[in-house]
Each structure stands twice: as C-alpha cells, then as structure tokens.
Amino acid sequence: MASILVNSLKRLYAAKRVTREQLAERVEKKTITADDYQEITGEEYNERA
C-alpha cells in the first residue's frame, strides 16, 4: 500500500510540479524507495553516478 507521501508525490508528478530529478534526490536521501520512484514515474530508477 502506498504511503500518503507517495500518493502526494504521484499527484504532484502528474501535475508536473515535481520532476524525475527531484524524485531521484528523494530516493538518494532515502525519503522514498526505488520501488516508490517506479510507481510514481512508471520508469525504473537508475542510480546516478
């Protein structure tokens, strides 16, 4: 079950108020998981170098 944060980010991403880069930063900070990133964006998370 998706958390409130993930649901909120999903809505913000759909409204183009949050970018994939901003979501990737949240994965790096461990605010969301790579699975959450994929659920929000529909794309697999690739760790940045």
Side-chain angles (χ1 to χ4, degrees):
M1 186 166 121
S3 70
I4 292 171
L5 174 61
V6 172
N7 287 332
S8 296
L9 289 171
K10 194 184 291 189
R11 283 193 306 274
L12 290 169
Y13 180 76
K16 301 189 187 305
R17 304 220 30 220
V18 174
T19 65
R20 287 192 303 264
E21 291 78 18
Q22 290 170 316
L23 292 169
E25 288 174 8
R26 287 184 171 271
V27 175
E28 291 167 10
K29 293 179 183 177
K30 302 195 185 316
T31 318
I32 63 172
T33 66
D35 288 340
D36 293 335
Y37 177 93
Q38 185 169 357
E39 181 180 339
I40 294 165
T41 64
E43 299 176 8
E44 188 172 324
Y45 173 74
N46 293 315
E47 200 171 317
R48 299 193 288 190

Visitor: Quick one: closest heavy-atom pair of Thr41 and Arg20, and the distance?
Guide: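 It is CG2-CG, 4.0 Å.
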
Visitor: Partners of Tyr37 by ring-ring contact (aromatic ring centres under 6.0 Å, His included), sequence neighbours excluded?
Guide: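 Partners of Tyr37 under the ring-ring contact (aromatic ring centres under 6.0 Å, His included) test: Tyr45.
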
Visitor: With distance as the sole test, does Asp36 use its side chain to make a donor-acceptor pair with the main-chain N or O of Thr33 at under 3.5 Å?
Guide: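 At least one qualifying donor-acceptor pair exists.
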
Visitor: Can you tell me how far apart CG (Leu9) and CD1 (Ile4) are? Round to the nearest 0.5 Å.
Guide: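 Interatomic distance, Leu9 CG to Ile4 CD1, rounded to 0.5 Å: 12.0 Å.
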
Visitor: Who are the side chain to side chain donor-acceptor pair (under 3.5 Å) partners of Gln38, not counting sequence neighbours?
Guide: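 Testing Gln38 for side chain to side chain donor-acceptor pair (under 3.5 Å), a comparison that skips the adjacent residues, returns none.
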
Visitor: Using the side-chain contact (heavy atoms from CB on, under 4.5 Å) definition, which of the options Thr31, Val18, Leu12 pairs with Leu23?
Guide: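 Among Thr31, Val18, Leu12, the one meeting side-chain contact (heavy atoms from CB on, under 4.5 Å) with Leu23 is Val18.
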
